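Remember, predicted model here, so these are calculated numbers, not experimental data. Residues: numbered from 1 along the sequence shown.
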Amino acid sequence: MFRYLPMLLLILCSAVGAQELRQALSLNGVWEAARVDSLGAGPGDAEWTDQVVPGTLPGGTGQAAWLRTRFHAPELPPGSRALLYFGGVKYNSEVRLNGIEVGGEFNGYDPFTLDVTDALVGGGENELLLGCRDWTGIFSREVDLSPYATNWTVMRGMADDAVLGPIGGLYASFGPWDDVELRIVPETRVEHVAITTSVREGSIGVDYELIGADVETRPLTLETRVLDGDEAVLDLPGATIAGGEGDPLVATVTADWPDARYWSHEDPYLYQLETTLRADGEVVDRVRTRFGFRELWIEGPDFYLNGSRIQLLASSSWPVDQRYASREDVREFWEALKAGNVVAFRTHTQPWRRQFYEVADEVGILVIPEGAIWNDDTSYRVNDPEFWENYATHLERMTRQYRNNPSVVMYSLCNEFHGAELNLENEYATGMLAEMGHRMKDWDPTRPITYESDGDPLGAADVIGIHYPHEYPDYTQYPNTAWWID
C-alpha cells in the first residue's frame with residue numbers, strides 16, 4: 001500500500017480574486033523505498049519498505065534505490081505551471097511523475113527544480129518515483145568496492161581518479177536529504193530574487209530574474225516594497241521590463257534606506273520584501289522574500305558586522321542526523337551553541353538542510369556553508385574539466401539557495417581538498433580551485449570566501465583557513481602560540 005502524504009497547502013502570496021498566485025505542497029513524510037541493483041527501467045517487483053523523507057539510505061559499494069509516494073495535487077489555475085522542487089538528492093537521480101520521465105540531477109548536494117506541468121494530474125492523485133544511486137553513480141568508470149564495504153576509509157581511497165562531482169563528507173549515504181515540494185507558480189513570474197543591503201551606504205538593492213511568457217505583447221512592471229510585519233516601511237522605485245523570450249529577463253531596483261534596523265547575532269531582526277509583478281496593469285505574480293539588513297566586511301585582519309569589529313568565535317561539526325528533523329529541534333541546536341558563546345558556525349564538509357539556515361536567521365547565529373568537497377583529492381578527477389564544471393554548478397546553486405539568508409555571512413568552498421597533499425603540485429588543479437573562488441565572487445559579491453585548510457589558491461581567498469595550527473598534543477605552548485584566538 002502507498003502512504004498518502006497529507007495535503008498541506010501553504011499559500012505563499014496574495015490572491016487575485018479567488019485564485020491563489022502561488023501555492024506550495026510539502027511532499028515530506030513517509031514514502032516507500034525499494035533497493036535495486038540498478039535503476040534500469042524502474043523498480044519492477046522489488047520489495048518496498050517505509051522510508052522517511054527527507055532521509056537517506058546506507059550504501060557505498062554500488063547501491064541504488066527507487067523511492068515513491070502518492071499525493072493529491074490541486075487543480076492548476078489557468079496560466080500556471082507545476083514545479084517539483086528537490087532540496088538535494090544524492091546522487092545522479094531520476095524523477096518520474098505518473099510514469100513520465102521529467103528529469104533528474106547528477107550532483108548530490110544541489111537544489112533543483114523540474115517543470116512537471118504536462119505530467120501532473122491536477123485535482124487528482126499522482127504517483128512520484130525518485131530513483132537515486134550512491135556515490136558510485138557519479139563515477140567515471142566501474143570500481144569494485146564490495147571487498148571494502150566495512151572500511152569506509154579504505155573504500156574512499158580505492159576510487160582513484162573516478163569521482164566526477166562533489167560527494168561531501170557523508171558520501172556513502174544516498175537519497176533525498178532535504179525537502180521535496182510541489183510548487184504551483186504563475187507562468188509569468190519572478191524566478192529569482194537577490195537582495196543586497198549596505199550598512200556603509202545606507203541602501204538596499206534587489207536583482208531580479210523574471211520569466212515572461214508573453215513579455216513582447218504585455219510589458220512587465222515591478223513594484224517593490226519592504227514590510228515590517230504588515231506595515232510598509234519602504235517603497236523602492238518601480239521598473240518596466242520589455243524583451244524577448246528565452247533567457248530569464250533581469251531587472252535591478254535600488255533605494256536609500258538610512259534608518260533600517262540592522263540584523264545581527266544579538267538582534268536577529270527580519271523584514272519581508274514584497275514584489276508585485278504586473279502585465280499591462282494586471283497582477284500576475286506576487287512573492288515575499290524574508291531578509292535581514294546587515295553587512296559583513298573585512299578591514300585588514302578584522303571582521304566588521306554593521307560597522308562594529310567582531311570576533312567570529314566559531315564552532316563546527318559533522319552534519320547532524322535525524323535527531324534534528326524538525327524546526328524546533330534545529331532551534332534547540334542553535335540556541336545551545338549560542339549559550340556556549342558561539343557566534344559563528346561552519347557546516348562541516350557539505351551544505352546542511354535548508355531549515356538550518358532559516359532558523360539561524362531567526363535565532364541569530366552567523367553561518368558559513370561549506371561546499372561538499374572533503375579530503376578526497378586522489379578520488380576526484382581533478383584533471384578532468386567535467387569534474388570542475390560539476391563542482392562549479394554545485395557552488396553556484398549554493399549561492400542562489402542562501403543568497404537572502406542574513407545568517408549566511410561567508411562561504412567555505414571545500415574542506416581539506418588536498419588531503420594527503422598529493423595534488424599540491426598540480427598547477428591545473430590549483431588554478432581551477434582559484435577559478436572556483438573567482439566564480440563564487442561573481443555569483444555572490446556580498447560575501448567573503450575561504451578554503452577551509454586549503455590556504456589561498458593563487459590569491460583567491462578572502463579568509464585563509466589555517467588548519468590545526470600548533471595544536472595539542474604536537475605543540476604544548478598553548479596559549480602562547482595560539483595567536484589566532486587573540
Side-chain angles (χ1 to χ4, degrees), residues 166 194-201 203-205 207 262-266 268 291-316 342-352 356-357 360-361 364-374 391-392 394-417 430-467 469 483-486:
I195 303 170
T196 299
T197 55
S198 175
V199 169
R200 288 174 288 184
E201 297 180 4
S203 66
I204 181 173
D207 294 311
Y262 298 157
W263 183 99
S264 72
H265 57 296
E266 296 173 330
F291 74 100
F293 193 106
R294 66 105 183 95
E295 185 179 11
L296 180 101
W297 67 87
I298 299 170
E299 292 183 13
D302 297 320
F303 293 102
Y304 285 81
L305 179 62
N306 302 334
S308 298
R309 185 170 174 265
I310 183 175
Q311 295 283 6
L312 297 186
L313 304 177
S315 182
S316 184
V342 170
V343 173
F345 186 89
R346 175 174 55 85
T347 64
H348 181 58
T349 75
Q350 62 197 57
W352 290 12
F356 276 89
Y357 308 94
D361 293 342
I365 194 163
L366 311 182
V367 185
I368 305 168
E370 190 157 79
I373 296 284
W374 174 69
Y391 185 17
H394 167 58
L395 294 174
E396 183 180 16
R397 299 271 182 89
M398 191 166 70
T399 62
R400 288 176 70 88
Q401 180 89 325
Y402 308 133
R403 185 62 169 78
N404 300 317
N405 288 100
S407 59
V408 175
V409 295
M410 190 188 311
Y411 298 114
S412 173
L413 276 72
C414 56
N415 184 285
E416 301 180 57
F417 189 14
T430 300
M432 289 306 299
L433 196 55
E435 172 67 16
M436 296 301 103
H438 296 313
R439 293 194 195 186
M440 286 287 279
K441 294 178 185 181
D442 288 338
W443 295 321
D444 186 353
T446 70
R447 292 174 171 93
I449 66 168
T450 187
Y451 301 81
E452 176 58 34
S453 86
D454 284 305
D456 187 13
L458 303 182
D462 299 303
V463 179
I464 300 176
I466 303 174
H467 216 63
W483 49 267
W484 72 94
I485 293 179
D486 186 0

Arg403 side chain vs Ile195 backbone, donor-acceptor pair below 3.5 Å
yes
Closest heavy-atom contact between Pro457 and Ala434?
O-CB, 3.4 Å
Would you say the side-chain atoms of Tyr451 and Asp456 include a donor-acceptor pair closer than 3.5 Å?
no
Is a side-chain donor-acceptor pair under 3.5 Å present for Glu295 with Trp297?
no
When the ring centroid of Phe345 is compared with that of Trp352, is the distance short of 6.0 Å?
yes
Nearest heavy-atom pair of Ser264 and Asn306: which atoms, and what distance?
CB-ND2, 4.0 Å
Where is the tightest heavy-atom contact between Ile298 and Pro448, given as atom of each residue plus distance?
CD1-CB, 3.9 Å
Plane angle bin for His348 and Trp374 - parallel if under 30°, tilted between 30 and 60°, otherwise perpendicular:
perpendicular
How far does CD1 of Ile368 sit from OG of Ser316, to the nearest 0.5 angstrom?
8.5 Å
Closest heavy-atom pair, Cys414 versus Leu433, reported as atoms and distance to 0.1 Å, is SG-CD1, 4.5 Å
Calculate, to the nearest 0.5 Å, the distance between atoms CG and CG belonging to Asn415 and Asp454 respectively.
7.5 Å
Return the set of residues passing salt bridge (Lys or Arg N to Asp or Glu O under 4.0 Å) with Asp302 (not counting sequence neighbours), or none when no residue passes.
Arg309
Set out, in order, the CA-CA distance, both residues' side-chain angles and the distance that settles side-chain contact (heavy atoms from CB on, under 4.5 Å) for Val463 and Phe303, then state yes or no.
CA-CA 10 Å; Val463 179; Phe303 293 102; 3.8 Å; yes
State, yes or no, whether a side-chain contact exists between Lys441 and Asp462 at a heavy-atom distance under 4.5 Å.
yes
Where does the angle between the aromatic ring planes of His394 and Tyr391 fall among parallel (under 30°), tilted (30 to 60°) and perpendicular (over 60°)?
parallel
Give, for atom CD of Gln401 and atom CZ of Arg397, the distance between the pair rounded to the nearest 0.5 Å.
10.5 Å
Sorted by chain and residue number, the salt bridge (Lys or Arg N to Asp or Glu O under 4.0 Å) partners of Arg439 (sequence neighbours excluded) come out as Glu389, Glu435
What distance do Arg447 atom CZ and Leu296 atom CG have between them, rounded to the nearest 0.5 Å?
9.5 Å
For the pair Thr197 (side chain) and Arg294 (backbone), establish whether a donor and an acceptor sit closer than 3.5 Å, ignoring hydrogens and angles.
yes
Can you name the closest pair of heavy atoms from Glu370 and Ser412 and give their distance?
OE2-OG, 2.7 Å
Within the structure provided, determine whether Val342 and Ile365 are in side-chain contact (heavy-atom separation under 4.5 Å).
yes
Does the side chain of Leu413 come within less than 4.5 Å of Ile449's, by heavy atoms?
yes
With side-chain contact (heavy atoms from CB on, under 4.5 Å) as the test, would you mind laying out the steps for Thr450 and Met410 before giving the verdict?
CA-CA 8 Å; Thr450 187; Met410 190 188 311; 3.9 Å; yes
To the nearest 0.5 Å, atom OH of Tyr411 lies from atom CG of Leu395 at 10.0 Å
Could you point out which residue of Tyr402, Phe356, Tyr357 forms a side-chain contact (heavy atoms from CB on, under 4.5 Å) with Val367?
Tyr357
Approximate separation, where rounding is to 0.5 Å, of His265 NE2 and Leu312 CG
9.0 Å
Under the rule for side-chain contact (heavy atoms from CB on, under 4.5 Å), what residues qualify as partners of Asp361, not counting sequence neighbours?
Leu270, Arg290, Asn405, Pro406, Ser407
Full working for side-chain contact (heavy atoms from CB on, under 4.5 Å) between Phe293 and Trp263
CA-CA 5 Å; Phe293 193 106; Trp263 183 99; 5.7 Å; no
